[in-house]
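Below: one structure, written as structure tokens.
Atoms within each ligand, like the ligands themselves, are counted from 1 in listed order.
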Amino acid sequence: MNILILGGGGREHALAWAVMQNPKCDRLIVAPGNAGIAQIAECPRLDILDGEAVAGFCAENAVDLVIIGPEAPLAAGMADQLRAAGLSVFGPSGAAARLETSKSFTKAICAACGAPTAGYARFTEAEAAKAHVRDKGCPIVVKADGLAAGKGVIVAMDEDTALAAIDDMFLGEFGAAGAEVVIEEFMTGEEASFFVLCDGNTALPVGTAQDHKRAFDGDEGPNTGGMGAYSPAPVLTDALVQKTMDEIVQPTIAEMARRGTPYQGVLYVGLMIEDGQPRLVEYNVRFGDPECQVLMMRLGAQALDLMQACAEGRLHETQVNWAEDHAMTVVMAATGYPGSYEKGSVIKGLDNLPEDSMSMVFHAGTTERDGRIIASGGRVLNVTARGATLGEARDRAYAMIGRIDWPEGFNRGDIGWRALD
Ligand code: AMP
Ligand code: GLY
């Protein structure tokens, strides 16, 4: 098979690494890719938001399967355009991607199918939104309806913060994403992420993970895209996974199919769990980054068979073969991230690190210059390891970090603390 993966972060490096191990994979192409991905795949220049360009590339290169990594091309309808061109695609249609691109859409789906989630109200002007906040009291959660690069959610512990967030959103801080604002009840509990492949009819769980969103140890500092993750998430017991499938995932998929917009791809289910009850925090329509890195480390080559079956509507024929293992990824980021940071520093020490089914450094934001690896993003490396226990995976990952020579970078030292305590 010739396989094209769209994207160029740590998630796509992990996807490429897993796919490449499957003997079915003949030619592996990742666009735009990065310096780490270029070590295992062809990385052509291709505008991954341009459906015609991607479809043309697929025709010229006899691509058999396209795997879409990030949300932006999905939101832009890339999967629709490629399917219309006759391609086999892993990723939801633009209409189904609304589960990520519109928070009020997701809330309406939950209401229609009875999936447990935070109570909410939606507003298109500030005064009514503010009156609602004054009425409900704090803590309360203010969300820009649309995609806001992970920044459109304000968990307001006091009224001033909530009112200021409402003003910011309606004054356009998040652009069109903030033209509508969703205000939610604040949920307490433990957060976990659950990943399910869906082919429109069948839903197949492919793993659980927990992410660390704050920049610094002890869950301090600003919110980031994720500073590390581990899988499985101990809070998501088998019983809770079943409950989540029964009460949240299956009803959602049935509702999407009923509306004529069946969901096909990976559904990232963000959950809040309290007293044995899962509630939906959010859906994303792609693998999490860095959660994907730990899922791929655990799934290995079968990830390709699963994604292919998903794209072809054959998930009912498949099953996941689980090992009793654990994986952890630790993000190394450029100093200053998620604020402003320098690009262009040189990363040394990567050549001598193990690259096998237990240990991998996935590249998130790197480029190659004159044979050297250069940091070119905020999140730069995802140092990932597997082990019989989470402790073993952690020790292996942090041992690799100790051998990476990159003074301009930083990482959290406590990834997995909640599960390791
Ligand atoms: P989201 O972009 O929807 O994932 O929100 C980002 C983060 O905000 C989540 O991971 C939660 O930690 C927090 N959050 C979102 N909605 C709620 C809620 N209703 N109650 C409590 N925390 C929330
Ligand atoms: N790690 C969080 C996300 O991918 O949205």
Side-chain angles (χ1 to χ4, degrees), residues 7 9-12 14-15 69-72 74-75 97 99-107 110 115-122 133 136 138-157 161-162 165 169 174 177-178 181-195 207-215 219 222-231 233 266-274 277-296 329-331 333 337-338 362 364 378-379 382 412 415 418:
R11 167 180 49 211
E12 289 76 25
L15 288 168
E71 64 276 19
L74 293 166
L99 287 175
E100 175 163 357
T101 61
S102 169
K103 301 201 187 286
S104 66
F105 176 79
T106 296
K107 285 298 191 182
C110 288
T117 185
Y120 80 109
R122 47 192 284 208
V133 164
K136 292 285 176 187
C138 286
I140 202 159
V141 184
V142 181
K143 299 185 173 185
D145 182 65
L147 281 182
K151 295 184 184 127
V153 175
I154 309 294
V155 178
M157 301 314 285
T161 307
M169 286 179 193
F174 303 104
V181 167
V182 169
I183 299 185
E184 279 185 18
E185 164 205 354
F186 173 76
M187 295 188 285
T188 52
E190 185 168 349
E191 275 189 80
S193 307
F194 176 45
F195 295 87
T208 62
Q210 256 162 322
D211 184 12
H212 296 61
K213 292 219 162 99
R214 301 300 191 104
D219 290 331
N223 255 317
T224 72
M227 293 300 293
Y230 55 94
S231 173
V266 61
L267 189 63
Y268 165 150
V269 187
L271 296 169
M272 188 73 82
I273 295 142
E274 191 172 49
Q277 178 63 48
R279 290 206 282 170
L280 183 74
V281 177
E282 61 163 355
Y283 282 129
N284 292 307
V285 299
R286 49 175 175 83
F287 281 111
D289 189 345
E291 293 93 324
C292 186
Q293 288 77 317
V294 285
L295 296 178
M296 291 303 127
T329 188
V330 182
V331 173
Y337 173 81
F362 296 120
R379 292 188 294 175
N382 307 140
R412 280 183 59 159
I415 299 302
R418 205 185 287 275

Query raised in the report: Counting from 1, what ligand 1 atoms have a heavy atom of Ala118 closer than 4.0 Å?
Result: 19 (N)
Requested in this report: Report the residues that fulfil side chain to side chain donor-acceptor pair (under 3.5 Å) with Gln293, sequence neighbours left out, ordered by chain and then residue number.
Outcome: Asp289, Asn382
Query raised in the report: Can you tell which of Glu185, Arg279, Glu282, Lys143 gets a heavy atom nearest to atom 16 (N) of ligand 1?
Result: Lys143
Query raised in the report: Mind checking whether Arg11 and Arg286 have side chains closer than 4.5 Å, heavy atoms only?
Result: yes
Query raised in the report: Can you find an N/O atom of Met187 closer than 3.5 Å to an N/O atom of ligand 1?
Result: yes
Query raised in the report: Stepwise, does the side-chain contact (heavy atoms from CB on, under 4.5 Å) test hold for Arg412 with Asp219?
Result: CA-CA 9 Å; Arg412 280 183 59 159; Asp219 290 331; 2.9 Å; yes
**Report entry** Distance filter under 4.0 Å to Glu291 heavy atoms, resulting ligand 2 atoms
**Finding:** 1 (N), 2 (C), 4 (O)
Report summary line: Result for side-chain contact (heavy atoms from CB on, under 4.5 Å) between Thr329 and one of Leu295, Ile415, Val294 points to Val294
Query raised in the report: How far does NZ of Lys143 sit from NZ of Lys103, to the nearest 0.5 angstrom?
Result: 5.0 Å
Query raised in the report: Sequence neighbours excluded, which residues qualify as side chain to side chain donor-acceptor pair (under 3.5 Å) partners of Gln210?
Result: Glu190, Tyr230
Query raised in the report: Short N/O distance, under 3.5 Å, between Arg286 and ligand 2?
Result: yes
Query raised in the report: Does ligand 2 have an atom under 4.0 Å from some heavy atom of Gly288?
Result: yes
**Report entry** Which of the ligand 1 atoms, numbered from 1, are nearer than 4.0 Å to a heavy atom of Lys213
**Finding:** 10 (O)
Query raised in the report: Any N or O on Gly225 sitting closer than 3.5 Å to an N or O of ligand 2?
Result: yes
Query raised in the report: Under 4.0 Å from any heavy atom of Glu184, which atoms of ligand 1 are there?
Result: 16 (N), 18 (C), 19 (N)
Query - Shortest heavy-atom approach to atom 4 (O) of ligand 2 - which of Asp289, Asn284, Asp211 - result: Asp289
Report task. Determine, step by step, whether Thr117 and Lys107 satisfy the side chain to side chain donor-acceptor pair (under 3.5 Å) criterion, reporting the C-alpha distance in whole Å, the side-chain angles of both residues, the deciding distance to 0.1 Å, and the verdict. Result -> CA-CA 8 Å; Thr117 185; Lys107 285 298 191 182; 2.8 Å; yes
Query raised in the report: Can you list the atoms of ligand 1 that are under 4.0 Å from a heavy atom of Lys103?
Result: 2 (O), 3 (O)
Report summary line: Under 4.0 Å from one or more heavy atoms of Phe186, ligand 1 contributes atoms 20 (N), 21 (C)
Query raised in the report: Are any of the side-chain heavy atoms of Phe287 and Tyr268 separated by less than 4.5 Å?
Result: no
Query - Proximity to ligand 2 by part of Phe287, non-hydrogen separation under 4.0 Å - result: neither
**Report entry** pair Arg379-Pro290: side-chain heavy atoms closer than 4.5 Å
**Finding:** yes
